[in-house]
Amino acid sequence: MKKIIFFGAIAFSMSLTSCSVMYPGMATDATSSKVHVVEKKVFLGIAKDIDLSLSNAAKKGGITKIATVDYGVKVGLISTTYKSKITGE
């Protein structure tokens with residue numbers, strides 16, 4: 001019984017952990033007065049309607065000149081989150 005509780009506690013704590021990576025994608029000489037973040041979650045590896053394109057994110061954020069772009073991925077046990085952060089004018 002103690003082993004079951006011990007391994008159950010380990011499995012529960014592992015389900016709460018995740019790995020997150022954020023890295024720069026591009027930089028220009030434009031000023032960064034506006035910031036827009038596009039984020040999509042994927043559950044159990046099933047992706048549906050994911051659009052993290054720069055043009056779509058800039059259009060939604062009202063950005064005409066892109067200054068910087070950062071990409072990020074956060075991986076969990078059940079879900080994965082993809083993120084694009086765009087700054088510009």
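The first residue in the sequence is number 1, and the count goes up from there.
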Side chain to side chain donor-acceptor pair (under 3.5 Å) partners for Thr68, two or more places apart: Thr87
Counterpart residues, side chain to side chain donor-acceptor pair (under 3.5 Å), relative to Asp70 (two or more places apart):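 Asp70: no side chain to side chain donor-acceptor pair (under 3.5 Å) contacts found.
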Between OG on residue Ser79 and CD1 on residue Ile46, distance to nearest 0.5 Å: 12.5 Å
Heavy-atom side-chain contact between Ile63 and Ile86 under 4.5 Å: yes
Criterion side-chain contact (heavy atoms from CB on, under 4.5 Å) on Val73 and Thr80, from CA distance to verdict: CA-CA 7 Å; Val73 178; Thr80 303; 4.0 Å; yes
Do any side-chain atoms of residues 33-41 form donor-acceptor pairs under 3.5 angstrom with protein atoms, and if so which ones, sequence neighbours left out?
{"residue": "Lys34", "atom": "NZ", "partner": "Gly62", "partner atom": "O", "Å": "2.8"}

